[in-house]
Amino acid sequence: MSLIVQKYGGTSVGDMVRIQNVARRVIKTYEAGHKVVVVLSAMAGVTDHLIQMAEVITDRPNRREMDMLMATGEQQTVALMAIALESMGYKSRSLLGFQANIRTDEHRMSAKIQHIDAKPIMDLLAQNTIVIIAGFQGVDAMGNITTLGRGGSDTSAVAIAAAIKADVCEIFTDVDGVYTADPGIVPKARKLKCVTHDVMLEMSGLGAKVLQIRSVEFAKKFDVPVHVRSSFNEEEGTMIVGEDRDMEKMVVAGVTFKKDDARVTITKVPDQPGIAARIFSAVAEIGVSVDMIIQNTRAEHLTDITFTVPKTDYDRTMEVVQQVAGKIGAQSVLGDKDIAKVSITGVGMKTNHGVAAKMFSILAQEGINIMMISTSEIRISCVVEEKYAELATRCLHTAFGLDKE
Ligand code: ADP
Ligand code: ASP
Ligand code: MG
C-alpha cells in the first residue's frame with residue numbers, strides 16, 4: 001500500500017465527462033489498495049474568466065478580493081469530484097485550502113505556503129476516505145483566503161505530498177510528461193524520461209509551465225518523488241529526480257521561452273555610486289521584482305541601465321522609474337513590452353565550451369537580434385523581439401540536436 005497524491009490540471013477536469021473519467025482513475029488507484037489524496041485545479045479557462053470579470057470593473061482590482069474570487073474556481077471542481085466519487089459508491093470528502101490548514105504568508109495573489117497540518121488529511125485517510133483538496137489556495141494568519149500564483153495547484157500538490165510524506169506525487173496534465181520544449185510549439189520535441197530538480201527549476205522559471213517553479217522547489221527541498229504524466233493515457237511520464245547520469249551528459253536538455261516580461265531602459269544616467277541603488281530601491285519599494293539588468297557605459301560619465309520586470313508590473317514600474325529618473329538627472333525612460341526571453345538549459349553546459357557562441361550564431365543566422373543576455377552555470381537566456389520567440393525556440397531545438405527522428 002502506498003500513499004499517493006494525484007493532481008489533475010484544468011484540462012483534465014475541463015468538463016463533466018472528464019471529471020467522471022478522473023473519478024474512475026482515482027478509484028482505480030484506491031482499489032489497488034492505495035490511500036489517495038486528490039488535488040484539483042479549476043476547470044480550464046475558469047480562472048482566466050474570473051480575472052476577466054474583475055477587469056471589466058477596474059484595471060486595478062483589490063488584490064485581497066482577487067484571491068477571494070480566483071479561489072472559487074477550485075471550489076467547484078473539488079465539490080463536483082466528491083459528488084462524482086460518491087455517485088460511484090466511494091467515500092470522499094472535499095476540502096478547501098483553509099479546511100486543509102494550508103497556511104501561507106500574506107502575499108496577495110502569489111502567496112507562499114508556510115505550513116500544512118497533515119493531521120486532518122491523515123485522519124480522513126485513516127477512515128478510508130478519498131480526500132480531495134482544492135489546489136492553488138491557502139489561508140493566511142489573519143484568516144484571509146490566499147492564492148499561490150498562476151499554475152499554483154502543482155505547488156499545492158507537492159507541498160501536500162511533502163506534508164503527509166506521500167510515496168509519490170503524480171501530476172496529471174494534458175501532455176505525457178516534460179518535453180525538451182513545449183510540444184505545442186515544437187512538434188519535434190521529445191519526452192524526457194527524467195529531469196533533475198536543477199534543470200526543472202530553470203525550465204519552470206524560464207517558461208515551461210508544465211510545473212510551477214515553486215512545486216519543483218518543494219520537491220527538491222523535501223525530496224518528494226514527482227511524476228508528470230498524462231491524464232488521458234496510462235503511459236509512464238517524466239520523473240523529476242535528484243540526479244540523473246544520462247541527463248548530465250546532455251549539453252542542452254530543454255529550450256524554453258517566456259513572454260511575461262517587459263523591458264525598461266533609463267538613458268544617460270550619471271555614472272556615480274549610489275545611483276543604481278536609488279533606482280532599484282524605488283522599484284523594490286513598490287514590490288516589483290526585477291529580473292535581468294544590464295548597464296552600458298557611455299562616454300562622459302553617463303550610462304544606460306536596462307532591466308526587465310513582469311509585464312503585469314510594467315505600468316507601475318514606469319511611473320516610479322520616471323520619477324526617479326527626473327530626480328537623478330537621467331535623460332529619458334524607454335519601455336518595451338514586445339519582448340520574449342528564449343533560454344537553453346542543460347547540466348552538460350558546465351563542461352562544454354562554445355555553447356553560448358553557438359546559441360548566438362543560430363539566432364544571428366535567423367536574423368534575430370539579441371537585446372539582453374543572462375547566464376547561469378546551466379542556462380543561457382537571450383531577450384529577443386517577442387515575434388521571434390517561437391522561431392528562435394524551434395531553431396535552437398534543432399541546432400542543439402533535440403529534434404526527435
Ligand atoms: P495543467 O492545467 O494540467 O496544470 P498547464 O497548461 O499548466 O496544465 O501545463 C501543461 C502545458 O505546459 C502543456 O500543455 C504544454 O503546452 C506546456 N508546456 C510548456 N513547456 C513544456 C515542456 N517543456 N514540456 C511539457 N509541456 C510544456
Ligand atoms: N487554476 C489556477 C490557474 O489557472 C491554478 C492552476 O491551474 O494550477 O492558474
Ligand atoms: Mg498548470
Side-chain angles (χ1 to χ4, degrees), residues 6-14 18 22 39-52 66-67 69-78 97 109-111 113 133-138 146-160 169-195 199-216 226 228-232 237-238 240 252-260 312 342-346 389-390 393-394 396-397 402 404:
Q6 296 191 330
K7 178 258 171 176
Y8 293 89
T11 313
S12 312
V13 293
R18 288 185 174 174
V22 167
V39 177
L40 298 181
S41 293
M43 289 185 189
V46 166
T47 311
D48 287 335
H49 181 63
L50 292 167
I51 295 170
Q52 283 156 12
M66 284 306 287
D67 278 339
L69 176 66
M70 286 195 292
T72 61
E74 275 71 11
Q75 181 164 353
Q76 297 176 358
T77 48
V78 291
M109 298 169 78
S110 57
I113 296 178
I133 303 178
F136 181 53
Q137 55 176 267
T146 53
T147 60
L148 311 178
R150 298 308 304 271
S153 300
D154 299 329
T155 303
S156 308
V158 181
I160 290 166
C169 179
E170 296 181 306
I171 305 285
F172 287 93
T173 183
D174 55 3
V175 283
D176 301 347
V178 180
Y179 278 68
T180 48
D182 184 341
I185 303 294
V186 183
K188 288 181 183 161
R190 279 187 287 135
K191 186 172 87 183
L192 295 160
K193 262 180 110 168
C194 294
V195 179
V199 168
M200 198 64 234
L201 280 173
E202 293 281 7
M203 285 179 65
S204 293
L206 296 165
K209 71 165 180 164
V210 62
L211 283 178
Q212 198 200 35
I213 186 165
R214 283 191 192 144
S215 70
V216 189
V226 172
V228 182
R229 56 194 307 195
S230 170
S231 58
F232 304 121
T238 303
I240 312 300
V252 175
V255 187
T256 47
F257 70 87
K258 203 175 166 195
K259 295 183 173 179
D260 306 349
T312 46
V342 182
S343 312
I344 56 174
T345 306
E390 290 84 359
T393 302
R394 281 192 284 267
L396 292 166
H397 195 269
L402 297 176
K404 68 178 168 208

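Ligands are counted one by one from 1 in listed order, and the atoms in each one are counted from 1 as well. Numbering starts at 1 and runs along the sequence shown.
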Query raised in the report: Distance only, no hydrogens: is a donor on one side chain within 3.5 Å (strictly under) of an acceptor on the other, for Gln137 and Thr147?
Result: no

Query raised in the report: Do Ser231 and Ser12 get their side chains close enough for a donor-acceptor pair, meaning under 3.5 Å?
Result: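 Yes, Ser12 and Ser231 have a side-chain donor paired with an acceptor closer than 3.5 Å.
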
Quick check on [X] - does any of its heavy atoms sit under 4.0 Å from an atom of ligand 1?
X	value
Ser153	no
Ala181	yes
Gly10	yes
Gly151	no

Query - For atom 6 (C) of ligand 2, the protein heavy atom that lies nearest, with its residue and separation - result: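 Looking at atom 6 (C) of ligand 2, the protein heavy atom closest to it is Ser153 OG, 3.4 Å.
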
Requested in this report: Test side chain to side chain contact (heavy atoms under 4.5 Å, CB included) on Thr238 and Lys191 and set out the steps.
Outcome: CA-CA 8 Å; Thr238 303; Lys191 186 172 87 183; 3.9 Å; yes

As an exercise, identify every atom of ligand 2 less than 4.0 angstrom from a heavy atom of [X].
X	value
Gly151	3 (C), 5 (C), 6 (C), 8 (O), 9 (O)
Ser41	6 (C), 7 (O), 8 (O)
Arg150	3 (C), 4 (O), 9 (O)

Check each atom of ligand 1 against the heavy atoms of [X] and keep those under 4.0 Å away; list them by number with element.
X	result
Tyr179	22 (C), 23 (N), 24 (N), 25 (C)
Gly177	24 (N), 25 (C)
Val175	13 (C), 14 (O), 25 (C), 26 (N)
Asp174	10 (C), 11 (C), 13 (C), 14 (O)
Val178	24 (N)

Query raised in the report: For ligand 1, is there an N or O atom under 3.5 Å from any N or O atom of Asp182?
Result: yes

Query raised in the report: Would you say Gly9 touches ligand 2, if touching means a heavy atom closer than 4.0 Å?
Result: no

Query raised in the report: Non-hydrogen atoms of Glu74 versus ligand 2: any pair closer than 4.0 Å?
Result: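 True for this residue.
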
Query - Greater than 12 external heavy atoms within 6.0 Å of Lys188's NZ - result: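 12 or below, so no.
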
Query raised in the report: Considering residues, nucleotides and ligands other than Lys193, do more than 12 of their heavy atoms fall under 6.0 Å from its NZ?
Result: no

Requested in this report: May I have the step-by-step check of side chain to side chain contact (heavy atoms under 4.5 Å, CB included) for Leu192 and Met200, ending in yes or no?
Outcome: CA-CA 11 Å; Leu192 295 160; Met200 198 64 234; over 6 Å; no

Report task. Would you mind checking if Glu170 and Lys7 are paired as a salt bridge, meaning a charged N to carboxylate O distance below 4.0 Å? Result -> no

Query raised in the report: Is the shortest side-chain N to carboxylate O distance from Lys209 to Asp154 below 4.0 Å?
Result: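 No, no charged N to carboxylate O under 4.0 Å.
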
Query raised in the report: Applying a 4.0 Å heavy-atom criterion (strictly less than), which segment of Lys7 is in contact with ligand 1: side chain, backbone, both, or neither?
Result: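 Near ligand 1, Lys7 shows its side chain, while the N, CA, C and O stay back.
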
Query raised in the report: Per the side chain to side chain contact (heavy atoms under 4.5 Å, CB included) rule, which among Val255, Leu206, Thr180 passes with Thr345?
Result: Leu206

